[in-house]
Structures are given as structure tokens and as C-alpha cells.
Amino acid sequence: MANYVLEILDGDRAGEVVPVADRPVRIGRRPGNDLVLADEKTSGVHAEVVPEGDRHVLRDLGSTNGTFLDGKRITELVLTPGDVVTVGRLQVKFRLAGDGASAPVDAGELSVRRLDAGRVQKRSGATAVVALVALLAAGGGAWFWLRGKAEAEGGDGPAAGGGPRAALVVDGNKLPNELAQCEVEEGWERVGGATFQTIGRGHSGAGALQCERVDGPDGKDFAVLRTQKPLTVLPGRTVTLAAHLRCTGGARAAVRVLLGSDNEQMPFRFRTGSAVVAHPSGFQRVSLPIAVPPGCNHLQVEVVAVMPAAGDAVAVDDVAVTDGGDATLVELKLADTGQTMLGSGAALALRSVDMDAPVILRAVLPGEVPAEFAGLHKAELCALSDLGASLQVTPIERGFAVAANGVPSLRLALPADAAGGLLIASGGDPSFAAAPGEGGFQAQSLLTGAGTTRALWRFDAPVACTGKVGSGTFALDAAATRFEVVLDFPAERKLAIDGVAKARQKAGGGRPGEALDLLRELVQRAPMDSEVLAEAQVLRTELMATQTRAVRRLQADLDEAQFFNTRGGFERVAFGVDSLEAIYGDQNLDDPKGLKALRTSALARLQALDDGNRGAERARLEQLTKVFADAQQPVLAKWIEDYVARHLGDGAGKPAGQQERGKPEDGK
């Protein structure tokens, strides 16, 4: 192959050349480019020249001010020696290395190149027409021979001469040809991130679909493309997905499938495929078999692109879905209860036996991801297969154990209502407590769901967890790569049933506090069976309602006693509060501060009544003492004086011998 260079024609660096070898040559303003142009109209990474076979292709990388040939803005062009392109405000010439003159191309380098209509119009005259006819006549036979050879070889690469080749047709491809050949955008839809657009040079045929990250804050660092119409597939069968991918710069890409069902009672969606990796050496074929999980009957193809830097690009061409292949299908069912773990590749879901509430686990997803996957992950479009991760499922007693390889943490996608009754336990304390669905917490065990979706999730040690509810899903991030899920609780159910029965006996025997203590212990230690737990909650509600009614009666008694200023009413309130505290216990009072306030108010009014009565009684006895003194009865007078001092005080405080309410004096 001849040696070529790029020569700067104007500016301070006019005359400088950069060799064009067998690797891409980047052109732009930034210092890291192969050809640096110090021009403010040139983008940071403006364009590139990429070798493809024995030809060189110039591509504009989404520059702001464009790349031009003969005054026409171009996005992609097969270069011919002598071409002068304008990058920003500077001109760059593509030529053969040597004395600066473009040498003739020999027959051995003849190839059919994409002709630019604008260039043909500019080169008018009989000479140009004769040259064009001669070129076509000389190269036509070689091109048809190469094209036929490429088709016979199966179309895994461009034709030997670098020219265009017939579009690749794969026998048995479930995708329509116009969709599979990626030469038009119709039939494909943008799911998120950057947009895929048609380009003029593909792996085969007339073009391909490509996405690119552009400069600036609007540049998306990922892209997901999906076929609009699902393909019909058979559950339990295997299909093979194949495509040709090309990555430019630091871009990486993958192909995957989204498997689902048109049956509303089968709401699972399985997303799995190849790992997102670089494909820098032109178009490379990616192929993988995928098993269709039970219940799934349709499939959509997705193309995933990750583009860390501006100028990164991913192209896709020649997509195929065919029957056959060897892939592992996950279908594990619990013998006693019937819950089933389903999966394909790095995708898993857990189904209950209730068609009205079929979902226990929607999906297992990556928790933390590398920085370059951040945009894809934030858009909730990142699958475990994108990271090259795998899942291993093992049946255990009453459930399943799941282990992940290739990721530092996991996200469990659960139904949104799982966040409402979330119970957690951690470390050496086996007691469960309610936890908010939103926010962070530490846990080793979690209880979610109810009835047929009740599940106990266990980690090897306490781990940091974060919950978030949205789009009908409770996303639970856990700093772990292994978990167990237990779905059947016969021993815990018996323990809970016995606990509720004992609590009812205590409540019926006038010991509501002891009943509430038993129910609290049940909820903390054995809340696995949601039906029995619901019975316990009903009983607790009944007991607390009885307490609430008693408190309301005491409040009414206090209001009435205050209105009539009756001692008996205040005494009923004070002793009523004491009684509630005794039979319920402070730990079971709904409003202990409110109850104490009731008693304090009643005792204060009793004290006021006692103080008033004591004053009147003291005045009467003092008068009687005076009568005895006047009657020369000093013994009687002294006896009454002692009584007043001992029981009625001196009028400034409590009587000298007064004891606490309800406790008699010594010897009385």
C-alpha cells in the first residue's frame, strides 16, 4: 500500500506534514490530536482519517464549523490523492508521500470509491468525463469480481479491493432485510442517550447506523437503539443474536435483547446480551446464543453504546436473529410452594404462584458501575451483561441462593408496594423493625411483600442498603454480590400462630399489657408469615382501641369534675390513670405523657380542695380550743392543739404528718 501524508497548506505551519499510516489520524485543536490546528474555528476533536483496506476515509466528528471539500460540507468521504479539505479555516491536503506532487495510482491500487456528486459537478469538461468513463471501464470488472467473491465468502468483512459490497443477507434471519441491513433509520427507535443516524459506509451494503458523542454539555455519553416491533419467539427455545459493531476513539458497544410477553400476567422483561467492549479495528462480528425464558413470546434487539469522550462513535450493521444455539435457561421451581426463578444469561426474575400478584423480583441489576457507564445506569438502561457480569443460581432449603461475578454490588428491582411493609434486621440482633422504603439503612435480613410474594432476603453480613421507589418499582441497592431469598416459612408460621393464641388468652383474662408484649415479640422475632402477622396487627389494634376509649372517658371525667368541682370526679381520674398504667405497662401506652398530664391535673385540683377544707376545719378547732381554755380545761385544749398541729399544720403548708395519697400514717 502506498504511503500518504496530510499537508497543512496555510497558516503558521504551512508545509508541515503528518504521515497517514495504518491507524486513525485525529485532526483538531486539542494538543492530544495527531494533527493539531491552532485555529479557533477548529473543534477540539474535529475530524479523523481512518484506513479501511487500501483506502482512507475522512470523517467529520460532529465539529461545530464543519469540514468542507470544494465548498461542500461533508460528513464522510473516501479520500483521493490531491484532495484539499478545509478544516475550520485551514486547508489540509491528502497526498502521496514524496516530493509533494501526487503520483499516479497504479492498477494494483485500483479500487472503486464512493463518488461525491459535488466533486463531479466541479470537475466539468470533456477531460473529466473521459477520465470517469475510463475509470469505470477499467475498474468495473474487478469490482464485480470482488463483490461476488465477498458474497460467496459470507460477508464477514469488506471486499478485498475496499469497494462497496452487496448487503449481507443471513439465512433464517427473523429481522426484515431493510431493518437488519441498517441502511435506514425506519424500524429502529432511540431509547435513550445519543441518536443513531445513517452513515454512507457500513460493513456491507450502502451504509450503517452510527451514534457519536459531540462536544459540549449536550453531548450524551451513551446511546441505546432498539427495534420498534417485537419479534415473535417461542418460550424455552434458543435464538442466536449477531451484529457487526465498530467503535471509534474510546467508545465501547454491545448488542443485547429485551425479552418479554404480551400477556399482562407475565410482566417480566429480561435484558441480556454481549458485554460492552471496544471494537476498534473496523467492523467486528459479535454473536451469542440467548435462551428465551418460559412465558416470554417476543424479543426486541438493542444496540448499546458507551462514549466517554467527545468524538467517540459506535456504528452497527448487519444485525441478525436466527433460531438455534446453545444457551443456559434458568427455570427453578420450589417443590412445596411453586415460586419460580426464571432467567436467561445475566438476567433473573422471581415469579409467585398468584396471577394477580405474580412479581416477587422483577430483575437483578448492577448497583455501582464504572464512571463511563454512569449515564446508562442513571437512565435505568444498564444491564448486568453490559458489564460482562454473570449470575449463578443455586436451590437452597425453602428458596434460592444467587451469586454475581463481575460487579461490586447489586440492585434488586422489587414491586413498588414492597417498600410499604419493609422490615429489617441486622447483625447479632434477630429482631425485625420497620424501615422506610426511601433512603439508606444497614441490614442483614429484609422482609418484603405479603401473601404469595412474601420473601426474606438474607446477606452474608450486615450491608449498607439504599431504597428508592419510582416507576412502579422499589429499587433496593445492596453493597453485596451474594444473597439468599427464602420463600416458605412453616416453622415461623407455627411460632406466630401460637403467639397470637396466647396473646388472645391474655387479653381475654384482663391482661392487655401482657398480650401486647407477646404481640411485640412476635412481630420482632417471627414476622415471616404475613397472614399471621396481619392477625397480630388486628388484635393489637383492638387492644389499643380499648385503651384509647378508656383515656377518652378519663378526659371526660376530668372535664366534668372541673365543671362541678367535685372531689369524687378528680379521684376517679387519678386512680383511673394509675389503673391503665398498671394493666398496660408504660411500654404499651399510646400517649404516656398525655396520661401523666391527666393525673397531674386531677391531683392538683384535689390538693386545692383539700387545702380549702383544711382551712375551715382548722378555724373551727381553734375556736373550740379557745372555749376549752376559757372553761379551765387545759388538757382538752392541749389535745386539740396537738391534733391541729399534727393533721392541719399551721396554715402555711402540708400538715405535719401528711403522707402520700393512698398511704396511711404509721399507726393510723
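Note that the numbering runs from 1 along the sequence shown for the chain.
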Q) Can you check side-chain contact (heavy atoms from CB on, under 4.5 Å) on Ile583 and Arg511, steps first, answer last? A) CA-CA 6 Å; Ile583 64 173; Arg511 292 180 287 178; over 6 Å; no
How long is the straight-line distance from [atom2] of [Y] back to [atom1] of [X], given to the nearest 0.5 Å?
X	Y	atom1	atom2	result
Asp221	Met307	CG	CE	7.0 Å
Arg226	Gln300	CZ	CD	5.5 Å
Thr448	Ile360	OG1	CD1	8.5 Å
Lys593	Asp590	NZ	CG	13.5 Å
Thr453	Leu487	OG1	CG	10.0 Å
Cys296	Leu234	SG	CG	12.0 Å

**Q.** Residue pair Leu598, Leu595: steps toward the side-chain contact (heavy atoms from CB on, under 4.5 Å) verdict
**A.** CA-CA 5 Å; Leu598 276 177; Leu595 274 176; 4.3 Å; yes
Is there side-chain contact between [X] and [Y], with at least one heavy-atom pair below 4.5 Å?
X	Y	value
Pro395	Met341	no
Phe222	Leu381	yes
Leu422	Phe432	no
Leu384	Val364	yes
Thr600	Leu603	no
Leu609	Asn565	yes
Leu365	Leu410	no
Leu543	Lys506	no

Expected list for residues 461-471: side-chain donor-acceptor pairs under 3.5 angstrom, two or more places apart:
none

Got a sec: does the [atom1] of [X] have more than 12 other heavy atoms crowding it under 6.0 Å?
X	atom1	value
Gln392	CD	no
Arg237	CZ	no
Asp326	CG	no
Glu397	CD	no

Q.
If the condition is side chain to side chain contact (heavy atoms under 4.5 Å, CB included), which residues does Glu560 pass it with, not counting sequence neighbours?
A. Phe564, Arg572
Q. With sequence neighbours left out, what residues match Ala327 under side chain to side chain contact (heavy atoms under 4.5 Å, CB included)?
A. Thr238, Pro289, Ala291
Does [X] pair with [Y] as a salt bridge, N-O distance under 4.0 Å?
X	Y	answer
Glu571	Arg605	no
Lys596	Glu581	yes
Arg252	Glu372	yes
Arg454	Asp529	no
Asp498	Lys502	no

Between the main-chain N or O of [Y] and the side-chain N or O of [X], is there a donor-acceptor pair closer than 3.5 Å?
X	Y	answer
Thr340	Gly338	yes
Ser261	Gly295	yes
Ser274	Val255	yes
Ser431	Arg525	no
Thr232	His298	no
Glu331	Leu342	no
Ser601	Ala597	no
Asp386	Cys382	no
Thr473	Ala475	no
Thr548	Met544	yes

Determine the minimum heavy-atom distance between [X] and [Y], stating which atoms define it.
X	Y	answer
Val330	Leu348	CG1-CD2, 4.0 Å
Arg190	Leu225	N-CD1, 4.4 Å
Leu456	Ser445	CD1-CB, 4.0 Å
Leu539	Val500	CD2-O, 4.2 Å
Leu259	Pro293	CD1-CD, 3.7 Å
Leu554	Val573	O-CG2, 3.6 Å

(Q) Is a donor from one side chain sitting under 3.5 angstrom from an acceptor on the other, for Gln587 and Asp517? (A) yes
Q.
Which residues pass the ring pair (Phe, Tyr, Trp, His ring centres under 6.0 Å) test with Phe483, not counting sequence neighbours?
A. Trp457
Q: Quick one: which residue pairs count as a salt bridge (Lys or Arg N to Asp or Glu O under 4.0 Å) with a foot in residues 542-556, not counting sequence neighbours?
A: none
Q | Sequence neighbours excluded, every pair satisfying ring-ring contact (aromatic ring centres under 6.0 Å, His included) that has a member inside residues 358-414 | A | none
Q: Test Arg271 against Glu302 for side-chain contact (heavy atoms from CB on, under 4.5 Å), laying out the working first.
A: CA-CA 9 Å; Arg271 181 176 270 128; Glu302 290 185 338; 2.9 Å; yes
Q | side-chain contact (heavy atoms from CB on, under 4.5 Å) between Arg540 and Arg520, intermediate numbers included | A | CA-CA 9 Å; Arg540 184 183 186 282; Arg520 183 186 305 105; over 6 Å; no
Q) Given the rule in the salt bridge (Lys or Arg N to Asp or Glu O under 4.0 Å) test, do Glu368 and Arg411 qualify, once you have shown the distances and angles that lead to the verdict? A) CA-CA 9 Å; Glu368 301 173 67; Arg411 171 176 293 176; over 6 Å; no
